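Keep in mind that what you see is a predicted model, and the values were worked out from it rather than measured. Naming: A, B, ... by sequence-line order, numbering from 1 per chain.
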2 protein chains.
Amino acid sequence: MLSDPFSHLPPTACRTIDTQKGDVLFRQDQTTSGLYLVVSGYVTLQRTGLGGDILTLHRAASGGLFAEASVFSATYHCDAICTEAGSVVKIAKADVLATMQSSPAFSQGFTRLLAVQVQQYRAHIELLAIPSAKERILVAVQAGYFDATVTELATRINLSHEACYRALRGLCNDGHMVRVGRGKYTLS
Amino acid sequence: MLSDPFSHLPPTACRTIDTQKGDVLFRQDQTTSGLYLVVSGYVTLQRTGLGGDILTLHRAASGGLFAEASVFSATYHCDAICTEAGSVVKIAKADVLATMQSSPAFSQGFTRLLAVQVQQYRAHIELLAIPSAKERILVAVQAGYFDATVTELATRINLSHEACYRALRGLCNDGHMVRVGRGKYTLS
DNA sequence: GAAAGCATATGATCCAGATCATAAGCTATC
DNA sequence: GATAGCTTATGATCTGGATCATATGCTTTC
């Protein structure tokens, strides 16, 4: 189940955790203890703004890794909340650091994972720069962002959910997308 | 001059390049040959949208590293353009990969740099989610984004330069900032 | 020192998206 | 099966920022 580089870790480094919807894996400013790999279900990384508004930074699906940067950080920088039941593997920070010392293969694999993250974030910043709501949604859907609810998509791409619904309808009218059911849209 | 982890690289891995304003270090989709460290001057990482609009992804100042992810990528994902004369050190991709195999200290140092990048991008995404122009600028200035022109700041935080000037004036009226000269503003 | 090019402003207008309001459908729970 | 809470959906209104226009100041260059 563990992806590539993690096979180099000692078995004791990993702990499987079953999650329920709404479970909190960690909160912002908590002391870091490790990083996580999603086995099944979904985990949302979010920050709560001063005004109480929720910002989704990342949504990790099956196979997705998150909080990798926590290995080099004293505290978590956002909240990790399970939006759907499933399970995650928690990998102890100390073991990651130790294995980086002993295994070049692990080191390189782990670094590659971080590099992928960097590229994903860059792509996301680019997406957020698209001024038109319709275009932004179209690109987001093409990039596979639309894997849950419309409301969830909206918060990820800095749109109100109303604007998101309207833009989706517009894209359907334009023939770029097709409505295939309540809250279900696909590219045409 | 080289920061921490790069002292583990063979001397031949690094090449110093003097840059003039406007110099292009690499362009999107070019084959990757290495990563860069800014010694002096500024390098902007940008992508040109389909409509010809320029999006600034990152701005590397003295001591800043960029294109680290290129080590694991076949092509560059954006353009690197020098916005001010100075010099950069180019570090060969092959040497980075080789040294990761041989030196755990380098590996860990390099990975830490990527982890920092991840956190910076996360913070940037958070910044972009701030709806009000005035607030967004205030946070950006506090985060040290305003190190060049107003126009440059505007493109980095997804605002028109007009909106940026107006918001700066507004922040001065509110007493949050002070205009200290033509195009110069500081926090009060 | 004239001309070109860019950053700095600021005013006027317009519109896309935020916000507010409303309602219906689906799910879970007691 | 009633209630609560959520997502979906759409209409009405309002506003903040984009866009367009204009002008001035600073640098660079020939």
When the distance from [atom1] of [X] to [atom2] of [N] is rounded to whole Å, what number comes out?
{"X": "A/Ile130", "N": "C/dG17", "atom1": "CD1", "atom2": "C1'", "value": "16 Å"}
{"X": "B/Glu135", "N": "C/dA18", "atom1": "CD", "atom2": "P", "value": "16 Å"}
{"X": "A/Asn173", "N": "D/dA9", "atom1": "CG", "atom2": "P", "value": "13 Å"}
{"X": "A/Lys184", "N": "C/dG25", "atom1": "NZ", "atom2": "P", "value": "18 Å"}

Review point. Under the 4.5 Å side-chain heavy-atom rule for ILVMFWY, direct or indirect, which residues accompany A/Ile81?
Key: A/Val24

Practice item. Supply the members, apart from B/Val141, of the Ile/Leu/Val/Met/Phe/Trp/Tyr cluster built from side-chain contacts under 4.5 Å; use none for a lone residue. Key: B/Leu127, B/Ile130, B/Ile137, B/Leu138, B/Val139, B/Tyr145, B/Phe146, B/Val150, B/Leu153, B/Ile157, B/Leu159, B/Tyr165, B/Leu168, B/Leu171, B/Met177, B/Tyr185, B/Leu187

Taking side-chain hydrogen bond (donor to acceptor under 3.5 Å, both in side chains) as the test, write out the residues that go with [X], two or more places apart.
{"X": "B/Gln46", "value": "none"}
{"X": "A/Ser107", "value": "B/Ser107"}
{"X": "B/Ser103", "value": "none"}

What N/O pairs connect the protein and nucleotides 16-25 of chain D at under 3.5 Å? Give each pair on its own line.
{"from": "D/dG17", "atom 1": "OP1", "to": "B/Pro131", "atom 2": "O", "distance (Å)": "3.3"}
{"from": "D/dG17", "atom 1": "OP1", "to": "B/Ala133", "atom 2": "N", "distance (Å)": "2.6"}
{"from": "D/dA18", "atom 1": "OP1", "to": "B/Ser160", "atom 2": "N", "distance (Å)": "3.3"}
{"from": "D/dA18", "atom 1": "OP2", "to": "B/Ser160", "atom 2": "N", "distance (Å)": "3.2"}
{"from": "D/dA18", "atom 1": "OP2", "to": "B/Ser160", "atom 2": "OG", "distance (Å)": "2.6"}
{"from": "D/dT19", "atom 1": "O4", "to": "B/Arg166", "atom 2": "NH2", "distance (Å)": "3.1"}
{"from": "D/dC20", "atom 1": "N4", "to": "B/Glu162", "atom 2": "OE2", "distance (Å)": "3.0"}
{"from": "D/dG25", "atom 1": "O4'", "to": "B/Arg182", "atom 2": "NH1", "distance (Å)": "3.4"}

Ignoring backbone atoms, establish whether [X] has a side-chain N or O less than 4.0 Å from OP1 or OP2 of [N].
{"X": "B/Tyr165", "N": "C/dT10", "answer": "no"}
{"X": "B/Tyr185", "N": "C/dT8", "answer": "no"}
{"X": "A/Arg169", "N": "D/dT10", "answer": "yes"}

Review point. Residues in ring pair (Phe, Tyr, Trp, His ring centres under 6.0 Å) with B/Tyr42, at least two apart?
Key: none

Revision key, fill the gap. So the salt bridge (charged side-chain N to carboxylate O under 4.0 Å, His left out) pairs with at least one residue in residues 152-178 of chain A (sequence neighbours excluded) are A/Arg59-A/Glu152, A/Lys134-A/Asp174, A/Asp147-A/Arg156, A/Glu152-A/Arg156

Check your understanding: Any idea how B/Phe26 and B/Tyr76 line up, ring-wise: parallel (<30°), tilted (30 to 60°), or perpendicular (>60°)?
Key ->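 Aromatic pair B/Phe26/B/Tyr76 classed parallel.
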
**Study point:** Of residues 144-155 of chain B, the positions that come close to DNA chain C - non-hydrogen atoms, cut-off under 4.0 Å
**Key:** B/Thr149, B/Val150, B/Thr151

